[in-house]
Amino acid sequence: ETGVTQTPRHLVMGMTNKKSLKCEQHLGHNAMYWYKQSAKKPLELMFVYSLEERVENNSVPSRFSPECPNSSHLFLHLHTLQPEDSALYLCASSQEMRRGTEAFFGQGTRLTVV
Amino acid sequence: LAKTTQPISMDSYEGQEVNITCSHNNIATNDYITWYQQFPSQGPRFIIQGYKTKVTNEVASLFIPADRKSSTLSLPRVSLSDTAVYYCLVGGPIGGSYIPTFGRGTSLIVHP
């Protein structure tokens, strides 16, 4: 248990569906991240929030929409996804965004788009 | 952002010591070196971090030579449960902030 909780753990959705992934941390961290990990590929950074403000967006398609309502919660809203979006989506948090800071990851949501 | 190079895969046997070396030739003066472990279908987990010389904790040791252009993660007496992917990260600011950026990592397989 890392202190970062992601729900759901598994999700199967059709290409026309709308769903949301949730991430929650009560570690008192003020930076939160979304990563995508496709099969046999490195983790790809998607979004970064610091103090609830988005500070990084790595050219992610608009069918992925993040939301950070407060420093403890992070959402990833999904709509009209493609089969190639099937992957493990990981949320992480850290105390702050400086060198030497340890990132704590959740268990991930395994997303399958059919 | 400092680029890291690690072996793609390694094999070992239970009870052996495993050393995984990471090259980071363009590491910046105030960059830290951090290693993470990832099991299948789970998020990465922090193992150890260092700046120079040697760091040891209950899980591993990290050796960093004086020029800091490489680092070696040492896992003593591995077991089957150490089979995982190991990532070497070197700090790199984006807009003044550091964001953990992962490469391909080293897939370690421990055999009975």
Side-chain angles (χ1 to χ4, degrees), chain A residues 1-6 9-11 21 23 25 27 29-51 53-59 86-112, chain B residues 1-9 22 24 27-52 55 57 59-60 62 64 68 71 84-107 109:
Chain A
E1 180 59 50
T2 64
V4 179
T5 304
Q6 291 186 243
R9 292 292 309 278
H10 300 273
L11 177 62
L21 310 185
C23 177
Q25 60 91 7
L27 301 169
H29 292 168
N30 55 30
M32 297 188 77
Y33 314 78
W34 279 117
Y35 289 84
K36 173 186 177 183
Q37 188 171 36
S38 303
K40 298 185 180 179
K41 287 188 176 181
L43 279 80
E44 301 172 53
L45 179 68
M46 300 177 73
F47 301 103
V48 181
Y49 278 82
S50 176
L51 297 171
E53 296 290 326
R54 189 189 307 180
V55 297
E56 181 71 13
N57 175 359
N58 268 8
S59 301
S86 298
L88 180 67
Y89 289 84
L90 291 159
C91 171
S93 71
S94 64
Q95 178 63 35
E96 53 190 11
M97 295 169 61
R98 60 176 177 82
R99 290 186 178 87
T101 298
E102 174 186 346
F104 291 77
F105 283 81
Q107 295 282 63
T109 294
R110 172 68 62 186
L111 173 66
T112 303
Chain B
L1 184 64
K3 184 181 184 305
T4 59
T5 303
Q6 309 174 228
I8 294 175
S9 64
C22 177
H24 28 80
I27 187 170
T29 302
N30 55 349
D31 279 344
Y32 283 81
I33 300 158
T34 309
W35 286 79
Y36 286 81
Q37 174 193 57
Q38 185 181 25
F39 298 114
S41 297
Q42 293 188 26
R45 180 177 72 107
F46 173 91
I47 301 176
I48 196 166
Q49 184 181 84
Y51 182 79
K52 62 180 179 180
V55 179
N57 62 22
V59 177
L62 179 59
I64 305 169
R68 301 197 336 117
S71 58
V85 178
Y86 292 83
Y87 298 94
C88 165
L89 278 68
V90 174
I94 299 175
S97 300
Y98 167 64
I99 298 174
T101 305
F102 292 77
R104 291 195 170 273
T106 298
S107 176
I109 298 175

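No experiment lies behind these values; they were computed from the predicted model shown. Reminder, nothing fancy here: chain letters follow the sequence lines and each chain counts from 1.
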Closest non-hydrogen atom pair between B:P44 and A:L90, with its separation
CD-CD1, 4.0 Å
Chain B contact via A:Q37 - which portion, at a heavy-atom distance below 4.5 Å
side chain
Residues that B:T5 engages under side chain to side chain donor-acceptor pair (under 3.5 Å), provided they are two or more places apart
none
Option among B:F102, B:F39, B:F46 that satisfies the ring-ring contact (aromatic ring centres under 6.0 Å, His included) test with A:F105
B:F102
A:T109: which residues meet the side chain to side chain donor-acceptor pair (under 3.5 Å) condition with it, sequence neighbours left out?
none
Residue pair B:R104 / A:K41: nearest heavy atoms and the distance that separates them
NH1-CA, 4.1 Å
Measure distances from B:Y36 to the heavy atoms of chain A and classify the residue's part below 4.5 Å as side chain, backbone, both or neither.
side chain
If you measure from CD1 on B:I48 to CD on A:E102, what distance do you get to the nearest 0.5 Å?
11.5 Å
From B:S41 OG over to A:R9 CZ, what is the distance, rounded to the nearest 0.5 angstrom?
8.5 Å
For B:Y87, is it the side chain, the backbone, both, or neither that has a heavy atom closer than 4.5 Å to a heavy atom of chain A?
side chain
Under 4.5 Å to a heavy atom of chain B? For A:L43 that would be both
In terms of heavy-atom contacts, A:P42 and B:G103 come closest through CB-O, 3.2 Å
Between A:F104 and chain B, with a heavy-atom cut-off of 4.5 Å, which part of the residue counts as in contact: side chain, backbone, both or neither?
neither
